Amino acid sequence: MPTDAMTLKCIDHVRMFVGNARQSAYFYRNAFGFEVIAYGGLETGMKHEACYVLRQGQITFVLASPLSALHPEAHRLVRHGDGVQSIALEVDDVRAAFEVAVARGAQAASPPRTVEDEHGAIDLAEIHAYGDTTHTLLNRSRYQGVFAPGFKPLDADRYSPRTFHPVGLKAIDHIVANVEEGKMGDWVDYYSKIMGFSLLASFDDKDISTEYSALMSRVVADGRGRIKFPINEPAKSRRRSQIDEFLEYYGGPGVQHIALATGDIIASVRAMAANDVSFLKVPSAYYEMLPQRVGTIQEDLRELAELGILVDRDDEGYLLQIFTKPVEDRPTLFLEIIQRRGAQSFGKGNFKALFEAIEREQARRGTL
Ligand code: FE2
């Protein structure tokens with residue numbers, strides 16, 4: 001595989017811009033089993049925002065809230081509600097990566113800079129992606145602190161360091177974008193041209209359509225297949241598709257869902273359900289047809305049906321997955337929990353059952 005300055009090492013973190021980071025941190029900790037590891041705010045020298053860093057396995061979420069209307073990104077909250085602001089990607093040389101990205105047509109959001117404290121230095125820069133989502137390019141190889149300059153380990157007064165209950169989530173499997181009708185190809189080109197990603201899979205409205213809803217999707221991935229970004233656009237359908245609903249309530253393109261991998265989906269989902277996480281449910285008929293569709297699997301079918309976990313098979317194996325309902329009041333961002341047993345695909349066989357479940361929710365919201 002050829003490497004160049006834009007070769008990505010991993011997704012370093014996902015930064016979400018939210019209305020009340022303190023309360024969101026409580027939600028992600030107590031519902032999804034994240035540990036709150038660091039805080040940045042007035043007490044640590046941040047003037048415009050409060051940030052909580054959450055960690056589970058290799059997953060890092062940063063929840064940020066503006067402290068006043070003077071925050072340069074404060075407008076995001078009115079327009080989008082809570083949502084993903086940036087997907088931060090680790091590179092070897094931030095300046096070189098930024099220059100290459102811009103030379104290949106990426107729009108600069110903020111030029112390379114180095115932030116330092118007594119624990120070392122982090123280089124970072126930012127480029128625009130779909131909507132007003134950005135990619136932060138960063139290198140933390142010279143940094144030994146808890147997260148980044150401006151952050152301190154969590155103060156016990158802010159969140160008690162009592163034993164939190166991990167849910168067993170291990171890593172980010174993929175992050176999905178919803179973009180406007182007709183724009184999917186442009187964003188596939190963006191990731192191919194600028195980041196050297198290749199097309200992993202393509203779904204058209206024949207794969208993904210129900211009576212009402214239709215969408216098209218293409219999956220791009222980095223050379224090592226570690227970073228996978230499916231990109232959806234709405235397709236013509238009889239009524240408003242879930243992608244149109246997202247675009248309306250998010251106020252434009254943005255991150256639709258983040259899929260988090262677990263090594264034991266039954267244990268993870270059981271723990272989250274006990275923590276009151278709400279999941280999309282498919283009709284019980286789904287499980288009657290499952291043995292014919294996917295053949296022999298290790299898991300107990302009754303347990304999967306009880307929890308609402310979906311299964312799909314491809315040439316390489318099978319996967320188990322489940323989707324939460326939106327994690328905020330707007331019908332926008334949600335999470336997926338996924339366990340791969342060989343399969344490297346995305347659950348195409350579940351799309352129809354799943355979209356019908358989403359449409360039942362849309363009908364309840366009066367947005368179908
Ligand atoms: Fe997904």
Side-chain angles (χ1 to χ4, degrees), residues 11 14 16 32 57-59 61 83-84 87 130 133 169-179 184 187-188 191 197 199-205 207-210 213-222 225-235 241-243 245-246 250 253-263 265 268-269 272 277-282 286 294 307-314 316-327 331-359 361:
I11 296 176
V14 175
M16 300 186 201
F32 289 96
Q58 295 163 29
I59 310 159
F61 286 170
V84 172
I87 300 167
Y130 42 86
T133 314
L169 304 179
K170 293 201 169 351
I172 293 177
D173 188 272
H174 58 275
I175 300 180
V176 182
N178 280 345
V179 302
M184 178 179 68
W187 289 104
V188 169
Y191 286 103
F197 280 26
L199 189 66
L200 202 65
S202 239
F203 309 100
D204 63 22
D205 52 354
D207 298 316
I208 322 182
S209 75
T210 60
S213 205
L215 66 87
M216 318 255 263
S217 188
R218 286 191 191 148
V219 184
V220 289
D222 74 317
R226 289 187 196 166
I227 302 173
K228 288 170 277 189
F229 293 152
I231 301 168
N232 299 329
E233 69 174 15
S241 81
Q242 50 162 314
I243 311 302
E245 185 194 40
F246 175 99
Y250 193 70
V255 172
Q256 178 208 42
H257 75 265
I258 305 172
L260 304 173
T262 169
I265 196 167
S268 293
V269 172
M272 283 182 269
V277 173
S278 332
F279 294 102
L280 279 177
K281 285 275 157 81
V282 294
Y286 173 91
V294 300
L307 296 167
I309 296 167
L310 311 176
V311 190
D312 197 25
R313 187 179 278 286
D314 66 18
E316 294 168 277
Y318 66 97
L319 62 82
L320 304 116
Q321 64 186 169
I322 191 168
F323 297 83
T324 71
K325 292 187 181 179
V327 290
T332 54
L333 177 70
F334 58 89
L335 301 178
E336 171 183 351
I337 311 302
I338 183 167
Q339 180 179 4
R340 295 188 179 278
R341 290 206 186 270
Q344 293 307 312
S345 53
F346 296 85
K348 178 171 142 180
N350 289 323
F351 287 169
K352 197 172 162 64
L354 206 57
F355 293 167
E356 285 167 354
I358 291 173
E359 283 161 19
E361 296 288 314

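The shown structure was predicted, so the numbers you read here are calculated from the model rather than taken from an experiment. As the structure lists them, so they are numbered: ligands from 1, and atoms in each ligand from 1.
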**Prompt:** Using a distance threshold of 2.8 Å, what protein N/O/S atoms lie below it relative to the Fe ion (ligand 1)?
**Reply:**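 Those protein N, O or S atoms (cut-off: under 2.8 Å from the Fe ion (ligand 1)) are H174 NE2, H257 NE2, E336 OE1.
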**Request:** Please check if the distance between the ring centroids of F323 and F279 is under 6.0 Å.
**Result:**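 Judged by ring-centre distance (under 6.0 Å), F323 and F279 do not meet the cut-off.
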**Salt-bridge present (R340, D173; N to O < 4.0 Å)** =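 So R340 pairs with D173 through a salt bridge.
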**Prompt:** Just wondering, more than 12 heavy atoms not from E316 lying within 6.0 Å of its CD?
**Reply:**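 Above 12, so yes.
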**Request:** Apply side chain to side chain contact (heavy atoms under 4.5 Å, CB included) to the pair Q256 and F334, showing each step before the final yes or no.
**Result:** CA-CA 7 Å; Q256 178 208 42; F334 58 89; 3.6 Å; yes
**Request:** With L310 as reference, evaluate I338, I322, N350, L319 under the side chain to side chain contact (heavy atoms under 4.5 Å, CB included) test and give the passing residue.
**Result:**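 Among the candidates, only N350 passes.
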**Prompt:** Just how far is it from atom OH of Y130 to atom OH of Y191, taken to the nearest 0.5 Å?
**Reply:**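 Rounded to the nearest 0.5 Å, the OH-OH separation comes out at 4.5 Å.
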